[in-house]
Structure formats: C-alpha cells, structure tokens
Amino acid sequence: MARDERGVTPQSEDFSAWYNELVFKAELVDRGPVRGTMVIRPYGYRIWELLQAGIDRRIKETGHVNAYFPLLIPESYLRREAEHVEGFAPELAVVTHAGGKELEEPLIVRPTSETVIGEMMAKWISSHRDLPMLLNQWANVVRWEMRPRMFLRTTEFLWQEGHTAHVDEDDAIRETLLALDLYASVAREIAAMPVVAGEKTAGERFPGARRTFTVEGMMRDGRALQSGTSHYMGTNFAKAFNIQYTAESGELEYAHTTSWGMTTRMLGGVIMTHGDDKGLVLPPVLAPYQVVIVPIGRGDQAGQVLPPAQELAGRLQRKGIRAHVDTRTHLSPGFKFNDWELRGVPVRLELGPRDLAGGTTLMSLRLGQGKTPVSLDSAPARLEAELGAFQDMLLRRATDFRDEHTNTVGSWGEFAEAVKTGWALAPHCGQPSCEDDIKAETSATPRCIPLDGPPAEGRCIRCELPSAYGKRLVFGRAY
RNA sequence: CGGGCUGUAGCGCAGUUUGGGAGCGUGCUGGCUUUGGGUGCCAGAGGUCGCGGGUUCGAAUCCCGCCAGCCCGACCA
C-alpha cells in the first residue's frame, strides 16, 4: 500500500522523522504546554510501569530500600560540591518566589538528589555499623535542556536514583559495578537491548564523580544511547555533606558514596532498538498487550464471534498473558491490523467464522510474515512459548544488528567511515583535546571503555600517541 | 543560545507573493452499507488563522515583539 498519513515515515528515509511521528501516533506521549515537557499517555505509561517493575524488583533483590526525598532543594546545598554545581548550573530551574513573596534563599527543582540525600545520610550515619546504606528513590527530576526530544531528552523526566554509602572505596566500587550489572540485565532481559557495559572517559564523567560507568545500546540508525549510568563519588559528597562514621578502629572516617540511575529515556531506546517501518515493536515483557485478538464477523456473525474471542482471551489471561480483544465495531479488521502493528503488539490473533468452524485461530507475529493457524485448545501454551521466543528473537536480532554495525578499525579513515553507520572499536590516547578533535571531525565521541574488552595496546587512532587504556574504546555518534 | 524552516478544524495541508468570501483531504457525529490487510454512500458538526501589539475603512495575508515545533551546531540521562 502506498504510504499515507496514517502510517509513519520509513526509517530509511528519515530516522528522526520516523521516531517523532511514531511516539505520537502510537499514543505513547503528547506534548506538554511547557517547552520540552512530555505527557506520558496511558499506553506509554504502561510500558514504563512494566519496565519500572523489573528494575524495582532487582533493586530490592540486591538489598536496597526505597525512600522519597523532596523535590525542592536549597540552592546552598548544590554549592557545597564544586564540580557538581558547575556541572548542573546551566540546566537548573530555580524557584525564586513562593507564598506571594520573594524567597530569602532560592530553591532548586532537583536535577538529581545527591545533595539532599547526602545531607540526610550525614544525619543517619554515625557508625560503621550503619554502613552500607543502600537507598533508592523513584522520582521526577528537571533539567532545562536545549534540544528536547520525546523520552530521550525532556525537561522533566522520571527515573530511579540509587544512592549508597560505604565504608571504603572497594565496597563502593563493588556497589557501582553491581548497579551497572543490574542495568545491563534490565536492558537485556526486559528491553531486549544488547548493551555494552563500560567506563566513561574523564570528559564524559558525571559532575562530582570520581568514576562513571555506563551501559550503551545501539539504535537502528547506528547511534549510541546511554541507557543507564552508575557513579563512584569517592568521598567528594561525603566531605561536602559531612557523611562520617566511626570505624572499628575508633577513627572518624568519611564514607564513600555512589549513585546510579535509569530513566524514561530507556523507552526511547526500546523504540529505536526494535521499531521498524510499520511502527513500534515491543518486547513481550514490556508490551501492555502481548496478544491482541481481532474478532472477524460478517453481519450477524459479529455477535457470534465475540464470546469465543473473550473466552480465548480469558484462558490466555489465566496463563499470565496480557491478552486484549479489540471489540471496536466501527473499524474494519484491516484497519485494526495496521493499528496494532503500529503500536508494536507482539502477537495478533484473528478469530472469524472460518477459524471457529475448524477450532483454530490465525496467528501473526509482529516481525513475521504470513499467518499460522493455531488450535484453540493449545493456544495458551503455544502463545506462552511464542512470546518467550519473540523476546529472545528480539535480543538476538538487536545483537546481530549491533555486531554488524561495529567495526574494529585500524586507521583513521576506517574510523571515520565506521562511525557514519555504527560504532568503531579503537585505541585512544586519553587526551581530552584529542577527543574534541575526533568529535569535531566525525561527531563521534568515546562511548565507553568496555569492561570486558580484550587487552589491546597500540596507538591512538587519531593522534598516534600510545593508548591510555590498554584496550579499545567504543566510539560512536550518540543521542 | 547561533543558523535555517514552520505554526490556518483532532491530524495533514492549500490560501499569505498582489489585504476584502476561511477552504481541501482525513478524522469526528448520525444513518444506511460493509467487515479475512487501512469499506462505500448520504447528511452534519467543528476554526480566537500560535499569542500580543501596530498599520489600515478592512489583516490568516503587511510591520514589530513573544511563544511553540522541526533540522543543523554548543549542553545532556
């Protein structure tokens, strides 16, 4: 069928137009009245809830507890950690008036909560027996962004921020890496995104952090998306907020803190990792509807098809499958097929008189071609298996895509070519100015120093000074 | 914040050059018809022309300011 305004611009024609149209047409979001703000609509919010549930479960399984800290932060708190203020100053929203008058001290709408949480930790921690302190909060934060994009960079976004305090560096680093691993497993097992876990170079570090780690995913246009970050703060915040404890030795020591976050940006990652020209493709774990049943009836038969469709949905639901019957009577089946494909539903079942007569239903997979008859009796077990296979297939497909678009490069020419369509694995000298040159010429940046990258010496791909990291870095253009 | 483009019915757009009637497609409502890949016909509702100011007898149209969106840069989860 010729492209019309009911579909989306094909990815190959204009990837960002595809994305921008899709988030609205799939009814994931709408625009808020304030620049860069986003209304997350029920269909989009359900996906977030499912992602949230998976993250929250893992956070709790690893011994963390949830709490909630206030939205408004005294400006003076931010000033206490020099790099932190400097890093966030340009993107802060500040409340100067309240209660009908100007405030004596302006209040910051939190861009992140290190400072308030640090202040409270100082109050709650006094002995090594109070450590580690493993906190997490689910919250909204505000960062005034120059170029907003739905999910990827919005002025206000939702996230989870873990904040922990530890007796020493070893324990804090262990925590930092544990959170990173948690994010990698969330990305792979829930979102079916094959991320690369690694450390950021100095230039890409979080303001105030000693070390920053990241999981990076590859989108279908070859660009990288930072999908979760974990920071080791050293004693920077402990010193700024006086988080001290008495050690077994009786000495007063500063705690070592960490923080880590995963955000609604992840949904942008899901869209751009799996979506195609027909629209969204949702991993079953995150799909609000895993199976949609389209009843097909002609005239009087419409009424006869509905009860068996509902009955089938009920049997699927009892199996734990999120099944939905599309009961809209004013729309043709063809319209519904396209509609649910746009919205990324993994499996569609058609149920009409012909199927009922044979005791079957016609199954179509979101990325498959053709339709397969499935007996109604075996449907719950069959669909459970199909959904599992679909989830696995998405991860495999995304991994293959990522690998096909990742090149180990041996020259600057190869590097420049590689980052046009994907990632380049290359040695680097570690000089910030050299990173800048690379960015200026190719718009690629070091995404991370992969944790499991094999040792590799050699010379910087750009300036030929000796490699600073002992292994190759992942370079790519990023969101 | 710099450069370029845009804002007219829910959505997509024409009309703006050369000032005077607010239109088209789709969607929406009602009815009939249809339903296995975006049904067809008939009737109908729906717009402060992004917001504010100015010029004019008269502004969607000309001028100034602001807001929002898209693309390209600097910032970022």
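What you see is a predicted model; the values in this text were computed from it and never measured. A, B, ... follow the sequence lines: proteins, then strands. Residue 1 opens every chain.
- Taking only side-chain atoms of A:N338, from C-beta outward, the nucleotide of B:G38, B:A77, B:G36 with the closest atom is B:G38.
- Residue contacts for A:K278: at a heavy-atom cut-off of 4.0 Å it reaches no nucleic acid atom on any strand shown.
- Aromatic pair A:H84/A:F237: centroids less than 6.0 angstrom apart.
- Residues from residues 39-57 of chain A placing a heavy atom under 4.0 Å of any atom in RNA chain B do not occur.
- Contact between the side-chain N/O atoms of A:N20 and the OP1/OP2 oxygens of B:C71 is found at a separation under 4.0 Å.
- Partner of A:W48 under the side chain to side chain contact (heavy atoms under 4.5 Å, CB included) criterion, chosen from A:T264, A:L28, A:T263: A:T264.
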Candidate pair A:R46 and A:E49, rule salt bridge (charged side-chain N to carboxylate O under 4.0 Å, His left out), full reasoning:
CA-CA 5 Å; A:R46 184 71 186 117; A:E49 285 182 325; 3.3 Å; yes
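- When distances are taken from the side chain of A:R147 to each of B:A74, B:C76, B:U35, the shortest belongs to B:A74.
- Applying the 4.0 Å criterion to OP1 and OP2 of B:C71, one finds that A:S16 has a side-chain N or O inside that range.
- If you check every strand for non-hydrogen atoms under 4.0 Å, A:T329 touches nothing.
- In terms of phosphate contacts, A:R35 brings a side-chain nitrogen or oxygen within less than 4.0 Å of OP1 or OP2 of B:G69.
- Backbone-only contact: A:Q226 has heavy atoms under 4.0 Å from sugar-phosphate atoms and none from a base.
- Between B:C75 and A:K439, a contact under 4.0 Å exists linking OP1 or OP2 to a side-chain N or O.
- Ranking B:C28, B:G69, B:A77 by closeness to the A:R31 side chain, first place goes to B:G69.
- Residue contacts for A:G352: at a heavy-atom cut-off of 4.0 Å it reaches a base atom on one of the strands shown.
- Straight-line distance between the P atoms of B:C11 and B:U48: roughly 13 Å, to the nearest whole Å.
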